[in-house]
There are 2 protein chains.
Amino acid sequence: MSLRYAVLGLLARRPSTGYELTRTFDRSLRSSWQARHSQIYPELAKLEAADLVEVVGQGARRSKTYAITPAGRAELRRWLVEAEPDRSQRSESGLRLFLTPLLDPADRQVTYERDLAHVEQELAVLKEVHAGMEGATESEVFARQIELGIRVHTVMRGWLQEQIKASSHTGRG
Amino acid sequence: MSLRYAVLGLLARRPSTGYELTRTFDRSLRSSWQARHSQIYPELAKLEAADLVEVVGQGARRSKTYAITPAGRAELRRWLVEAEPDRSQRSESGLRLFLTPLLDPADRQVTYERDLAHVEQELAVLKEVHAGMEGATESEVFARQIELGIRVHTVMRGWLQEQIKASSHTGRG
DNA sequence: AGTACCATGTAAGCCGTTACATGATTCT
DNA sequence: AGAATCATGTAACGGCTTACATGGTACT
């Protein structure tokens, strides 16, 4: 049921069309919850039927702009604060990491190096986003979330560098 | 297609019955890839048909013990080393964190405190597992993975404590 | 006129969860 | 004898991805 609240949450930030939501899912929620337009449009229709969102304007190209209703805001808050979170995750990267001990040191190093490149790229993106938020008081809470991302990725980078160093001792000359 | 490799990977660690795999998914892969027995038994049948696993024994209660074949090992290694990882994740917790800036400081603090309790519990489990691995040379690589988990959770704990302190200044007396 | 992008929808198929169903062995 | 646990399977349903389908607007 998370899609429902992801859409509701994005509309609580600002009214949007389905097309805009699709891009926002790809830009901002890529790392935790993905959704394609083929899922978003039917979900908007369901939310509208439940009076949790409403159409507030129609633009060019027959686009419809949706906004969250007071009932939608209440439902979103209820979910965030009162509903028990589902802590389960689905992460292929986590599975891969879990299985790396099966590889011999040389193969393992290949995967660690690939992961390191990815983590460093993510870190660069996060730092850029963070730098572009200086002084924006309104998004202070959001800026702190970026800081968490930076800290977590920094820890992962350090760990990967240690593993690469360790496996280059053992597995190679 | 990750389920296939998760099963293959667990059988590369040791031969198991479907029932044992079900428990291993719940114990060891809970945090990255879940699977129920209703998914595991059909997958074992498919893997057997593809000669990636084979039945190596039948025990009491008509149980079948599966083992990975050489072809299965090759396919697993190929996936781990050569296939491009799918970095996408599906995490309700990530979505919730992304949406917390929408809450007022008092509500936000409630969610941070709930998360902190969870992170502390995870940390305790990880530290216990890590302590129970002293000197087991064979699982050295696995022990280092637990260390990564401990470091990441420690960073999250510190961050959550900071947020709670900050929101108790602003949102309350 | 053609290409690129904006914009919305539906349909088929795969994957995963929940529920249904059955039977064997062990423990009390 | 009854309960708990071991052990394996199938069926129904829901969520998500990929593919199909259509049309509007802007730019060159």
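Letters go in sequence order (proteins before strands), and every chain restarts at 1.
- A:Val56 and A:Tyr41 fall into different hydrophobic clusters, where Ile, Leu, Val, Met, Phe, Trp and Tyr are joined by side-chain heavy atoms under 4.5 Å apart, directly or via other members.
- Distance A:Phe25 CZ to D:dT17 P: 10 Å, rounded to the nearest Å.
- In summary, the side chains of A:Arg90 and B:Gln89 do not present any donor paired with an acceptor at a separation below 3.5 Å, with no hydrogens or angles considered.
- Closest non-hydrogen pair, B:Ser2 versus A:Leu95, comes out as O-CD2, 3.7 Å.
- Remark: C1' of D:dA7 and OH of B:Tyr66 are 12 Å apart, rounded to the nearest angstrom.
- Comparing B:Pro42 and A:Ala35 along DNA chain D, the residue whose closest nucleotide (by nearest heavy atom) sits nearer the 5' end is B:Pro42.
- If you check every strand for non-hydrogen atoms under 4.0 Å, B:Thr22 touches nothing.
- B:Leu21 has its CG atom 15 Å from the P atom of D:dC6, to the nearest Å.
- One interatomic measurement links the two molecules: CZ of A:Arg62 to P of D:dG23, which rounds to 8 Å at whole-angstrom precision.
- The shortest distance between the side-chain N/O atoms of A:Gln34 and the OP1/OP2 oxygens of D:dC16 is not below 4.0 Å.
- Heavy-atom contacts of chain A under 4.0 Å fall on DNA chain C between two terminal nucleotides, which in 5' to 3' order are C:dC6 to C:dT17.
- The 5' end of DNA chain D is approached more closely, in terms of each residue's nearest nucleotide, by A:Ser38 than by the other of A:Ser38 and A:Ala60.
- You'll find that the side chain of A:His37 is closest to D:dA19, out of D:dA19, D:dA11, D:dT8.
- Between B:Ile68 and B:Leu8, the closest heavy-atom pair is CD1-O, 3.5 Å.
- In this structure the side chain of B:Leu80 reaches within 4.5 angstrom of the side chain of A:Leu99, judged on heavy atoms.
- Using a 3.5 Å distance cut-off with no hydrogens or angles, the side chains of A:Ser63 and A:Glu20 do not pair a donor with an acceptor.
- For A:Trp33 and D:dG15, the CH2 to C1' distance is 9 Å, given to the nearest whole Å.
- Between the CG atom of B:Asp26 and the C1' atom of D:dC6 there is a distance of 16 Å, given to the nearest Å.
- Scanning all heavy atoms of the two residues, the minimum distance from B:Gln34 to A:Ser88 falls at OE1-CB, 3.0 Å.
- Figure legend: cation-pi geometry between A:Arg96 and B:Trp33 absent, as NZ or CZ is not positioned both under 6.0 Å from the six-membered ring centre and within 45° of its axis.
- Straight-line distance from the CD atom of B:Glu92 to the P atom of D:dC16: 11 Å, rounded to whole Å.
- The side chain of A:Arg36 contributes no N or O atom lying less than 4.0 Å from OP1 or OP2 of D:dC16.
- Residues passing the ring-ring contact (aromatic ring centres under 6.0 Å, His included) test with B:Trp159 are B:Tyr112, sequence neighbours excluded.
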Listed pairs, N/O of protein and of nucleotides 26-28 of chain D, under 3.5 Å:
none

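- Among the atoms of the strands shown, none is found under 4.0 Å from any heavy atom of A:Arg4.
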